[in-house]
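For clarity, every value in this text was computed on a predicted model and none was experimentally measured. A, B, ... follow the sequence lines: proteins, then strands. Residue 1 opens every chain. Side-chain atoms are counted along with the backbone in the values below, which use heavy atoms only and exclude waters and symmetry mates.
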2 protein chains.
Amino acid sequence: MDKKDRAKRLREQVTLLERKLGMLEDEIVDCCGLTMAQCHAVVELGTGEPASLNDLARSLNLENSTVSRTVNNLVNGEIAVRAESAEDRRYVNISLTEKGKDIFENIETNMESFFDNIIRRIPDEKHDQVIESLKVLLDAISEEKCCR
Amino acid sequence: MDKKDRAKRLREQVTLLERKLGMLEDEIVDCCGLTMAQCHAVVELGTGEPASLNDLARSLNLENSTVSRTVNNLVNGEIAVRAESAEDRRYVNISLTEKGKDIFENIETNMESFFDNIIRRIPDEKHDQVIESLKVLLDAISEEKCCR
DNA sequence: TACATTAGTTGTAATATGCATCTGTAGAGG
DNA sequence: CCTCTACAGATGCATATTACAACTAATGTA
């Protein structure tokens, strides 16, 4: 098998994985009652320190206007709160409410058990190989642009 | 390292890969002038036989109303055409125009060279391992739901 | 022939998103 | 101290994506 064939098979697998991950996102949206953007924001807020709007926009890779509205929705749903920063009143500190933290914990628990189950479905002797391969693939992809 | 740790590391890698693939999609949208839905539709139409609307909806995992409008856009852009089926006039055969085929070929060329480059960045002796690992992962994920 | 089924389209509405613009705050130079 | 600039965030506006429901047209069936 030459490199062309390998590239082709790699592409097939990545495409399939992409599709599957997309379907999982749809599932998440259906079952956890948040849109995907909101879900990402909650995970971001739950994992890190209270974030500014621009921080959040950067980590979500979205416009701050978009994120501002996403945060509006979270605030309306009593999932997050905005607080004016004491040091610099231009900044807003966004953090999760108790309800938001519960949702975050719930998402985390779900994701953990999801990946626990996946690991359980992979033969023990392949665990390291799979994890390392993903890392190798990521390193290779990271440096590449798909459109020159 | 126990299974919990492995699951965690697997999750990290998959999350990173997901994010990277998302960024690639944004790149594609920016550079090829089609929305992602349109791009998927073009690839689907380019790869297979002329498809009916429902075929296309099924393979794109979208509502047929959504796909109908996506096809409208492709038709307006002279990328695809609708043709009434001769056997059963309820059906529409959707196919690519010459322009659409050119776009398809261009996407294919881009994707091929993208994956060729990735393979080139991965050490030769890891090629089989990476491809097989993706397959193993996919098999494991396929049977799993993320929300019980 | 009348009724049910199927393929596709269109009306409506929710959501997401970006660009441009606006407001308020902070910092820098004179 | 005042003014000008830069920055954080919010909002107006325009558009795109998508789903659900209702509709039209064609086909199959009892």
Side-chain angles (χ1 to χ4, degrees), chain A residues 19 22-23 25-45 49-77 79-95, chain B residues 19 22-23 25-45 49-77 79-95:
Chain A
R19 184 164 309 182
M23 288 165 61
E25 294 219 329
D26 291 345
E27 258 187 73
I28 292 172
V29 168
D30 282 349
C31 79
C32 86
L34 299 179
T35 65
M36 210 53 222
Q38 289 173 344
C39 189
H40 283 143
V42 166
V43 170
E44 201 60 40
L45 291 172
E49 298 298 302
S52 77
L53 196 86
N54 279 342
D55 289 343
L56 205 51
R58 220 179 343 269
S59 47
L60 298 177
N61 203 28
L62 293 169
E63 278 288 310
N64 67 357
S65 61
T66 303
V67 176
S68 179
R69 284 174 240 258
T70 301
V71 171
N72 282 348
N73 294 334
L74 292 178
V75 170
N76 289 337
I79 294 165
V81 286
R82 275 188 251 247
E84 209 175 57
S85 164
E87 304 94 60
D88 186 331
R89 283 160 59 207
R90 287 174 299 182
Y91 285 77
V92 170
N93 288 322
I94 304 158
S95 56
Chain B
R19 184 165 310 182
M23 288 165 61
E25 295 220 328
D26 291 345
E27 257 185 74
I28 292 172
V29 168
D30 282 349
C31 79
C32 85
L34 299 179
T35 66
M36 209 53 223
Q38 288 173 344
C39 188
H40 283 144
V42 167
V43 170
E44 200 61 39
L45 292 172
E49 298 297 302
S52 76
L53 195 88
N54 279 340
D55 290 342
L56 205 50
R58 221 180 341 270
S59 48
L60 298 177
N61 203 27
L62 293 169
E63 277 289 310
N64 67 356
S65 62
T66 303
V67 176
S68 179
R69 284 175 240 257
T70 301
V71 171
N72 282 347
N73 294 334
L74 291 178
V75 170
N76 289 338
I79 294 165
V81 286
R82 275 188 252 246
E84 208 175 58
S85 163
E87 306 94 58
D88 185 333
R89 284 160 56 209
R90 288 173 301 182
Y91 284 75
V92 171
N93 289 321
I94 304 158
S95 57

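- Between A:Tyr91 atom OH and D:dA10 atom P the separation is 13 Å, expressed in whole Å.
- In this structure, the nucleotide among D:dT17, D:dG9, C:dG8 sitting nearest to the side chain of B:Asn73 is D:dT17.
- When rounded to the nearest whole Å, the span between CG of B:Leu60 and C1' of D:dT17 equals 13 Å.
- Computed from coordinates, the B:Asn72 CG to D:dA16 P distance equals 13 Å when rounded to whole Å.
- With rounding to the nearest 0.5 Å, the separation of OG in B:Ser85 from CZ in B:Arg89 is 10.5 Å.
- If you take CG of B:Leu56 and C1' of C:dA7, they are 13 Å apart, rounded to a whole angstrom.
- Remark: of the listed residues B:Ile94, B:Asn61, B:Leu56, B:Leu56 is the sole one forming a side-chain contact (heavy atoms from CB on, under 4.5 Å) with B:Val67.
- Phosphate contact (OP1/OP2 of C:dA26, side-chain N/O of A:Arg90, threshold under 4.0 Å): absent.
- Rounded to an integer number of Å, the gap from CG of A:Leu53 to P of D:dC7 is 16 Å.
- Taking 4.5 Å as the limit, every side-chain heavy atom of A:Val75 sits out of range of all side-chain heavy atoms of A:Val81.
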(request) Test side chain to side chain donor-acceptor pair (under 3.5 Å) on A:Asp55 and A:Ser52 and set out the steps. (result) CA-CA 5 Å; A:Asp55 289 343; A:Ser52 77; 3.2 Å; yes
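- Nucleic acid contact class of B:Ser52 (heavy atoms, under 4.0 Å, all strands): sugar-phosphate only.
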At a cut-off of 3.5 Å, list every protein nitrogen or oxygen paired with a nitrogen or oxygen from nucleotides 18-20 of chain C, distance to 0.1 Å.
residue : atom : partner : partner atom : Å
C:dG18  : OP2  : A:Glu63 : N            : 3.2
C:dG18  : OP2  : A:Thr66 : OG1          : 2.6
C:dG18  : O6   : A:Arg69 : NH2          : 3.1
C:dC19  : OP2  : A:Glu63 : OE2          : 3.2
C:dC19  : N4   : A:Ser65 : OG           : 3.1

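- For A:Glu87 and D:dA8, the CD to C1' distance is 14 Å, given to the nearest whole Å.
- Put simply, the side chain of A:Gln38 reaches to within 4.5 Å of the side chain of A:Thr70, judged on heavy atoms.
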(request) Check step by step if side-chain contact (heavy atoms from CB on, under 4.5 Å) holds for B:Leu45 and B:Ser95. (result) CA-CA 6 Å; B:Leu45 292 172; B:Ser95 57; 6.0 Å; no
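- Judged by closest nucleotide on DNA chain D, A:Asn93 is the one of B:Thr35 and A:Asn93 placed further toward the 5' end.
- For A:Glu84 and B:Ala51, each mapped to the nucleotide of DNA chain C holding its nearest heavy atom, the one lying further toward the 5' end belongs to B:Ala51.
- Residue A:Arg89 places its side chain closer to C:dA26 than to any other of D:dA26, C:dA26, D:dA10.
- Whole-Å rounding puts the B:Asp55 CG to C:dA7 C1' distance at 11 Å.
- Remark: the backbone N or O of B:Leu62 is not paired with any side-chain donor or acceptor of B:Thr66 at under 3.5 angstrom.
- When side chains are defined from C-beta on, B:Ile79 counts as touching B:Leu34, because their heavy atoms get closer than 4.5 Å.
- The distance between atom CG of A:Asp88 and atom P of D:dA6, rounded to the nearest whole Å, is 17 Å.
- Contact annotation: B:Asn54 reaches the phosphate of C:dG8 (side-chain N/O to OP1 or OP2, under 4.0 Å).
- Separation of atoms CE (A:Met36) and CG (A:Leu60) is listed at 10.5 Å; rounding is to 0.5 Å.
- Minimum interatomic distance between B:Ala41 and B:Leu74 (heavy atoms only, all atoms of both residues): CB-CD1, 4.0 Å.
- Annotation: proximity of residues 37-45 of chain B to DNA chain D (heavy atom, distance under 4.0 Å) is found for B:Ala37, numbered in ascending order.
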